[in-house]
A.B. asks: 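Mind having a look at this structure? Questions to follow.
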Amino acid sequence: MSYNKNLTDKQNEIINENAIREAGKFLITMFATQHTPFYCAVAENKAGCITIPKVDITDGAVTSLIHWAGEAAWQVYKYPENKTMPQALYNKLKEAVSQDVANLCKTDFEADIFMLNLNKTLLYSLACNLKFHREMYHRDVCEFYEVHKFMFPDGIIHVNEFPEFSKNELKNKVRNFKRKNQVA
């Protein structure tokens with residue numbers, strides 16, 4: 001289902017940026033967990049965007065990779081020649097956390113840029129899908145994978161291991177996911 005609505009230029013710009021960022025989170029989640037996320041959505045504001053992984057992620061390194069994926073995707077899109085974390089962002093990060101944590105985040109950010117650059121066509125294709133449809137459910141993820149499966153080695157990405165959810169089940173999962181991640 002496409003999202004047909006008259007949007008202002010500013011709303012289109014925000015949706016475009018959100019689609020790129022969520023596509024980055026989607027792909028890095030997929031690469032880091034070897035599972036496609038079961039839900040991804042973009043909105044006209046930052047608060048409405050979400051990518052929910054299929055598996056519960058407890059590994060701090062994987063969480064950090066996914067956390068920086070949206071910013072890395074935007075960097076790949078906006079400044080394709082720059083392969084490092086922007087200095088201004090790094091300086092802001094160093095003010096908030098220790099030098100060691102800042103360096104780890106920088107490493108994760110640059111690893112994301114590397115992975116997304118290797119899969120730039122997939123990133124842009126997924127972002128276009130998200131921009132047009134605004135959300136992807138399991139069946140949409142499987143269809144997208146079927147079209148682009150040549151990009152992945154056989155047997156690495158798992159797409160058919162979880163059931164289709166009803167609208168109410170999905171709303172509850174999204175609500176629980178947001179609540180859990182606000183507390184963390």
A.B. asks: May I ask whether Tyr79 and Leu118 are part of the same hydrophobic cluster, defined by side-chain heavy atoms of I, L, V, M, F, W, Y residues being less than 4.5 angstrom apart, directly or through others?
C.D. replies: no
A.B. asks: Under 4.5 Å between any side-chain heavy atoms of Phe31 and Leu65, yes or no?
C.D. replies: no
A.B. asks: State the CG-CD distance between Leu89 and Gln75, to the nearest 0.5 angstrom.
C.D. replies: 8.5 Å
A.B. asks: Before you tell me yes or no, could you show the steps for Gln87 and Asn91 under side-chain hydrogen bond (donor to acceptor under 3.5 Å, both in side chains), namely the whole-Å CA-CA distance, both residues' side-chain angles and the distance that decides it to 0.1 Å?
C.D. replies: CA-CA 6 Å; Gln87 192 61 43; Asn91 291 341; 2.9 Å; yes
A.B. asks: Less than 4.5 Å apart, side chain to side chain, heavy atoms only: is that true for Val76 and Tyr124?
C.D. replies: yes
A.B. asks: Is it the case that the side chain of Glu110 and the backbone of Lys83 share a donor-acceptor pair, with hydrogens and angles ignored and the cut-off at 3.5 Å?
C.D. replies: no
A.B. asks: Is the shortest side-chain heavy-atom distance between Met136 and Leu126 below 4.5 Å?
C.D. replies: yes
A.B. asks: For Thr121 and Asn119, which I'm curious about, is there any donor-acceptor pair between the side chains at under 3.5 Å?
C.D. replies: no
A.B. asks: Could you check whether any side-chain heavy atom of Trp68 comes within less than 4.5 Å of a side-chain heavy atom of Ile28, counting everything from C-beta outward?
C.D. replies: no
A.B. asks: With the side chain counted from C-beta on, respond yes when Glu135 and Cys40 share a heavy-atom pair under 4.5 Å apart, and no when they do not.
C.D. replies: no
A.B. asks: Indicate the atoms forming the closest heavy-atom contact of Ala127 with Ile20, along with that distance.
C.D. replies: CB-CD1, 3.7 Å
A.B. asks: Please report the shortest heavy-atom distance between Phe109 and Ala72, naming the atom on each side.
C.D. replies: CE1-N, 3.5 Å
A.B. asks: NZ of Lys92: more than 12 outside heavy atoms within 6.0 angstrom?
C.D. replies: no
A.B. asks: Can you see which heavy atom on Val62 is nearest to which on Ala32, and at what distance?
C.D. replies: CG1-CB, 3.8 Å
A.B. asks: For Asn103, does its backbone N or O pair with a side-chain atom of Thr107 as donor and acceptor, under 3.5 Å?
C.D. replies: yes
A.B. asks: Quick one: pull up CE in Met85 and CG in Asp108 and give me the separation to the nearest 0.5 Å.
C.D. replies: 8.5 Å
A.B. asks: Of all heavy-atom pairs between Ala73 and Leu123, which one has the smallest distance, and what is that distance?
C.D. replies: CB-CD1, 4.1 Å
A.B. asks: May I ask you to test the Lys94-Val101 pair for a side-chain heavy-atom distance under 4.5 Å?
C.D. replies: no
A.B. asks: From Leu27 CG over to Leu116 CG, what is the distance, rounded to the nearest 0.5 angstrom?
C.D. replies: 6.5 Å
A.B. asks: Using modelled atom types only, decide if a donor and an acceptor are shared between the side chain of Asn117 and the backbone of Ile113 within a distance under 3.5 Å.
C.D. replies: yes
A.B. asks: Could you give the distance from CD (Gln99) to CG (Leu93), rounded to the nearest 0.5 Å?
C.D. replies: 9.5 Å
A.B. asks: Assigning hydrophobic clusters by single linkage (Ile, Leu, Val, Met, Phe, Trp, Tyr; side-chain heavy-atom cutoff under 4.5 Å), is Met115 placed with Leu104?
C.D. replies: no
A.B. asks: Has the side chain of Thr29 got a donor or acceptor atom that lies under 3.5 Å from a matching backbone atom of Lys25?
C.D. replies: yes
A.B. asks: Quick one: CG on Asp59 to CD1 on Ile66, what's the gap to the nearest 0.5 Å?
C.D. replies: 9.5 Å
